[in-house]
Amino acid sequence: MSLDGTYDDGNIFARILRGEMPAARVFEDDHVYAFMDVFPQARGHTLVIPKHSTARNLLDAAPEIVGPLMLGVQRVARAVRAALNPDGLVVTQFNGAAAGQTVFHLHVHIIPRWEGVALGRHGAGGMADMADLKAMAAHIAAKLS
Ligand code: 5GP
């Protein structure tokens, strides 16, 4: 899908938000929902999405969506750091298939990095075990402030 197009409310993140698909939830408030990526590129790979938006990407998003989304990203990234003590954190976001986007509901990746540990390939890793992801989600959630 290109940068242009209409929002498909059958996308996987919309289904997670509606409770139709399981997710390992880290955090939720009135604006955002954070959960573990099921094909993690690193241990602790977390996604943050707006709850009330039909933006497919950052370019589509209204200002009132972007502000709370980024505050949620910062809050969750701090908790990921506190939980896992990484050497660095990638915060990234893809717009359009040509840029690597595969799910067309606006989302931000938080990916912890450790010196000497290679980053898994985007969208090409194995599926994580849901029980493991839920344990990781709880570990991160315990560090939210
Ligand atoms: P994108 O490629 O659009 O930037 O990121 C989509 C992300 O969603 C990928 O990192 C992919 O691993 C993740 N993903 C795809 N399907 C699911 C799913 O069903 N559940 C969860 N938690 N993550 C998913």
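Values below: every heavy atom of this structure, side chains too, minus hydrogens, waters and symmetry copies. Whatever order the structure lists ligands and atoms in, that order sets their numbers, starting from 1. Numbers here simply count residues along the sequence, with the first being 1.
Between the choices His109, Gln101, Met130, His45, the shortest heavy-atom distance to atom 4 (O) of ligand 1 belongs to His109. With distances taken over non-hydrogen atoms, the option nearest atom 3 (O) of ligand 1 out of Asn95, Thr102, Asn57 is Thr102.
Transitive grouping of hydrophobic side chains (ILVMFWY, heavy atoms separated by less than 4.5 Å) keeps Val48 and Phe104 in distinct clusters.
Using a 4.0 Å cut-off between heavy atoms, Gln41 makes no contact with ligand 1 at all. Contacts with ligand 1 closer than 4.0 Å are made by heavy atoms of both the backbone and the side chain of Phe39. Heavy atoms of Gln93 found under 4.0 angstrom from ligand 1: none, in either backbone or side chain. At a 4.0 Å heavy-atom cut-off, ligand 1 does not touch Met21 at all.
Among protein heavy atoms, atom 22 (N) of ligand 1 sits closest to Met36 O, 2.9 Å. Taking atom 9 (C) of ligand 1 as the reference point, the nearest protein heavy-atom neighbour is Asp37 OD2, 3.3 Å. The closest protein non-hydrogen atom to atom 5 (O) of ligand 1 is His107 NE2, 2.9 Å. Among all protein heavy atoms, the one lying closest to atom 23 (N) of ligand 1 is Val38 N, 3.4 Å.
Inter-residue side-chain proximity for Leu3 and Asn95 is flagged as met; some heavy-atom pair is nearer than 4.5 Å. Side-chain contact check for Leu89 versus Val80: some heavy-atom pair is nearer than 4.5 Å.
Using bins of under 30°, 30° to 60° and over 60° for the plane-to-plane angle, the ring pair Phe35/Phe13 lands in the perpendicular bin.
Taking all atoms of both residues into account, the shortest heavy-atom contact from Ala14 to Asn11 is N-OD1, 2.9 Å.
In summary, the side chains of His52 and His31 do not present any donor paired with an acceptor at a separation below 3.5 Å, with no hydrogens or angles considered. No side-chain N or O of Tyr33 forms a donor-acceptor pair with one of Asp29 less than 3.5 Å apart. Side chains of His122 and Gln41: a donor-acceptor N/O pair is present below 3.5 angstrom, by distance only.
At least one heavy atom of Gly100 sits less than 4.0 Å from an atom of ligand 1. Within the 4.0 Å heavy-atom cutoff, Phe13 counts among the residues contacting ligand 1.
For a threshold of 3.5 Å applied to N or O pairs, the pair formed by Leu47 and ligand 1 contains no separation below that value. The shortest N or O to N or O distance between Ile12 and ligand 1 is not below 3.5 Å.
In this structure, His107 has its ring center at least 6.0 angstrom away from the ring center of His105. Between His109 and Phe94, the distance from one ring center to the other falls under 6.0 angstrom.
Under a 4.0 Å criterion applied to the non-hydrogen atoms of Phe94, ligand 1 contributes the atoms 4 (O).
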